[in-house]
Amino acid sequence: MRVLFIGGTGIISSACSELALQRGIELYLLNRGGSYRQPATGAKLLHADIRQRASVQAALGNLTFDAVVDWVAFTPEHVQDDVALFGGRTGQYVFISSASAYQTPPHYLPVTESTPLHNPFWQYSRDKAACEARLAEAYRQGGFPATVVRPSHTYDPTLLPFHGGYTNVARMRAGKKVVVHGDGTSLWTLTHHRDFAVGLVGLLGNPHAVGETFHITSDEWLSWNQIYEIVARAAGVEPRLVHVPSDLIAAFDLEWGASLLGDKAHSMVFDNSKIRRLVPEFQARIPFWQGAREIIAWYDADPARQVVEPYFDALQDRIISAMEGAYPSE
Ligand SMILES: NC(=O)c1ccc[n+]([C@@H]2O[C@H](COP(=O)([O-])OP(=O)(O)OC[C@H]3O[C@@H](n4cnc5c(N)ncnc54)[C@H](OP(=O)(O)O)[C@@H]3O)[C@@H](O)[C@H]2O)c1
């Protein structure tokens with residue numbers, strides 16, 4: 001099989017590139033060559049900016065593909081350009097959408113692929129939903145061979161799962177308290193990129209996947225208290241958690257608040273039976289306590305990665321002091 005990834009050196013796509021090559025796929029990566037992640041060994045590299053269509057045409061020449069995966073399409077215009085570029089040139093086109101496009105908050109759990117797409121909080125999610133609608137139209141009207149994949153929160157060793165990244169780890173290691181939204185008991189799903197790759201690569205060239213939509217996630221359901229505790233223990237400490245309502249966090253910081261109220265404040269767990277029906281080998285095998293050890297090892301390997309953001313550090317202190325001030329002192 002010959003496959004093109006637009007991207008391919010990203011957080012999720014890097015593991016998919018590795019696995020595709022291990023499976024003997026002839027893999028082309030089209031990107032700008034700017035990522036600090038080395039492209040997977042054996043991939044054929046095409047350097048172009050996907051938004052510069054003339055340079056993309058020149059890089060692709062007359063190549064045709066069994067499958068094309070666009071990792072960096074975010075608006076209906078991006079998808080429309082892809083339909084024009086790859087119609088007749090690929091047996092399958094995979095659009096990487098986002099599980100954040102699902103109804104937020106969800107009316108019932110677990111989320112399945114037929115859960116409606118309705119996230120009034122996040123433009124990014126609405127744009128992904130609009131991309132999906134455009135592709136459904138292209139499939140219905142012209143047989144464009146689209147498959148939609150909706151990743152949920154998917155990490156590699158560089159990605160800490162909470163807002164503020166390494167600053168939280170530095171605080172926990174210094175014995176300082178960290179803010180956890182709500183009462184820390186809402187449920188969340190974290191998927192390791194190597195697990196995700198088994199599902200994604202299993203869809204490539206799979207005739208049953210054309211015209212269909214999938215999410216690909218772990219079946220491990222974690223509370224946010226557990227997520228902070230697991231990261232803290234991987235970092236060798238016990239955390240001191242302060243629970244703060246998401247609305248109050250939003251009053252202090254709009255961006256952090258939006259990432260909670262439009263996404264992480266709501267329990268999100270998924271039914272993965274559809275991907276398992278088409279890709280029977282898919283089974284998420286890396287629990288977060290193992291993934292967290294990989295993350296901490298990556299940060300510990302180079303002090304330059306241990307960036308503490310002074311704004312976020314001070315913001316946590318301000319929120320914690322407001323929260324603690326709201327309780328009667330002893
Ligand atoms: N991670 C998550 O939790 C999550 C959840 C839901 C959905 N998603 C979706 O997953 C996709 C991101 O996948 P990822 O995490 O693997 O990607 P990523 O880490 O954002 O990396 C982006 C990749 O695309 C390339 N790229 C960026 N802009 C480009 C351009 N203009 N032209 C050509 N190549 C370009 C980058 O290489 P160069 O910089 O060298 O060009 C790199 O290979 C997005 O569609 C996102 O919406 C992610």
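Just so you know, residue 1 is the first one in the sequence shown, and it goes up from there.
Across all non-hydrogen atoms, the minimal contact from Leu117 to Ala129 is CD1-CB, 3.9 Å. Contact detail for Gly199 and Phe282: the closest heavy-atom pair is N-CD1, 3.6 Å. Annotation for Pro151 and Ser97: closest pair CD-O, 3.1 Å, computed over non-hydrogen atoms. The nearest pair of heavy atoms linking Ile227 to Pro161 is CG2-CG, 3.7 Å. Residue Gln92 comes nearest to Val210 through the heavy atom pair CG-CG2, 4.2 Å, listed as atom of the first residue, atom of the second, then distance. Residues Thr9 and Pro39 approach most closely at CG2-CA, 3.8 Å, considering heavy atoms.
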*Taking it one step at a time, do Thr167 and Glu309 satisfy side chain to side chain donor-acceptor pair (under 3.5 Å)?*
CA-CA 6 Å; Thr167 305; Glu309 295 167 30; 4.6 Å; no

_For a side chain to side chain donor-acceptor pair (under 3.5 Å) check, start with the C-alpha distance between Gln316 and Asn168, then their side-chain angles and the critical distance, and finish with the verdict._
CA-CA 9 Å; Gln316 292 238 9; Asn168 293 287; 2.9 Å; yes

*Could you walk me through whether Tyr102 and His118 pass the side chain to side chain donor-acceptor pair (under 3.5 Å) test, one step at a time?*
CA-CA 6 Å; Tyr102 282 126; His118 180 57; over 6 Å; no

*Applying side chain to side chain contact (heavy atoms under 4.5 Å, CB included), run through Val244 and Val180 and close with a yes or a no.*
CA-CA 6 Å; Val244 180; Val180 179; over 6 Å; no

*Quick one: do Tyr166 and Tyr299 satisfy ring-ring contact (aromatic ring centres under 6.0 Å, His included)? Show the steps, please.*
CA-CA 8 Å; Tyr166 188 81; Tyr299 280 94; 5.3 Å; yes

*Please report the C-alpha distance between His193 and Tyr155 in whole Å, then the side-chain angles of each, then the deciding distance to 0.1 Å, and finally whether the ring-ring contact (aromatic ring centres under 6.0 Å, His included) criterion is met.*
CA-CA 6 Å; His193 71 159; Tyr155 66 96; 7.8 Å; no

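Using bins of under 30°, 30° to 60° and over 60° for the plane-to-plane angle, the ring pair Phe65/Tyr28 lands in the perpendicular bin.
Within 6.0 Å of CZ in Arg293 there are 12 or fewer heavy atoms belonging to other residues, nucleotides or ligands. Atom CZ of Arg285 is surrounded by 12 or fewer heavy atoms from other residues, nucleotides or ligands within 6.0 Å.
Under the 3.5 Å distance criterion, the side-chain polar atoms of Lys264 are left unmatched by any main-chain donor or acceptor of His181. In this structure, Ser223 contributes its side chain and Thr185 its backbone to no donor-acceptor pair below 3.5 Å. Distance alone, capped at 3.5 Å, places no donor-acceptor pair between the Asn119 side chain and the Ser125 backbone. Looking at Ser218, its side chain never comes within 3.5 Å of a backbone N or O of Thr191 through a donor-acceptor pair. Side-chain N or O atoms of Arg2 include one that pairs as donor or acceptor with a backbone N or O of Thr64 at under 3.5 Å. Of the possible polar contacts, none joining the Asp271 side chain to the Val111 backbone as a donor-acceptor pair under 3.5 Å is found.
For the pair Glu137 and Arg140, the salt-bridge criterion is not met [side-chain N within less than 4.0 Å of a carboxylate O]. Electrostatic pairing of Glu281 and Arg276 does not count as a salt bridge here, judged by no charged N lying under 4.0 Å from a carboxylate O. A salt bridge is absent between Glu113 and Arg150: the closest approach of a Lys/Arg side-chain nitrogen to an acidic carboxylate oxygen does not fall below 4.0 angstrom. Using a cut-off of 4.0 Å between Lys/Arg side-chain N and Asp/Glu carboxylate O, Arg318 and Asp313 are scored as not salt-bridged. Taking 4.0 Å as the cut-off between side-chain N and carboxylate O, Asp82 and Arg89 do not count as a salt-bridged pair. Residues Asp156 and Arg37 are paired through a salt bridge, judged by an N-O separation under 4.0 Å between the basic side chain and the carboxylate.
Considering Gln290, Glu294, Glu220 as possible partners of His192, the one that fulfils the side-chain contact (heavy atoms from CB on, under 4.5 Å) test is Glu294. With respect to Glu238, the salt bridge (Lys or Arg N to Asp or Glu O under 4.0 Å) criterion is satisfied by exactly one of Arg233, Lys177, Arg173: Arg233.
With a 4.5 Å cut-off on side-chain heavy atoms, Asp263 and Phe121 do not count as touching. Two residues are said to be in side-chain contact when any heavy atoms from C-beta on lie closer than 4.5 Å; Leu278 and Leu203 meet this criterion.
Here the CZ atom belonging to Arg305 is positioned 4.5 Å from the CH2 atom belonging to Trp298, to the nearest 0.5 angstrom. Note: Thr189 OG1 to His153 NE2 = 10.5 Å, rounded to the nearest 0.5 Å. Separation of atoms CZ (Phe5) and SG (Cys16) is listed at 5.5 Å; rounding is to 0.5 Å.
Thr217 and Asn272 share a donor-acceptor pair across their side chains, judged by distance under 3.5 Å alone. In the model, Glu77 has a side-chain atom that pairs as donor or acceptor with a side-chain atom of Thr75 under 3.5 Å.
Hydrophobic clustering (ILVMFWY, side-chain heavy atoms < 4.5 Å, transitive): Leu46 and Phe86 are in one cluster. Both Leu222 and Val169 belong to a single network of hydrophobic side chains, linked directly or stepwise wherever heavy atoms of I, L, V, M, F, W or Y lie under 4.5 Å apart.
Applying the side-chain hydrogen bond (donor to acceptor under 3.5 Å, both in side chains) test to residues at least two apart or on different chains, the pairs with a partner in residues 239-261 are Asn225-His243, Asp253-Tyr311.
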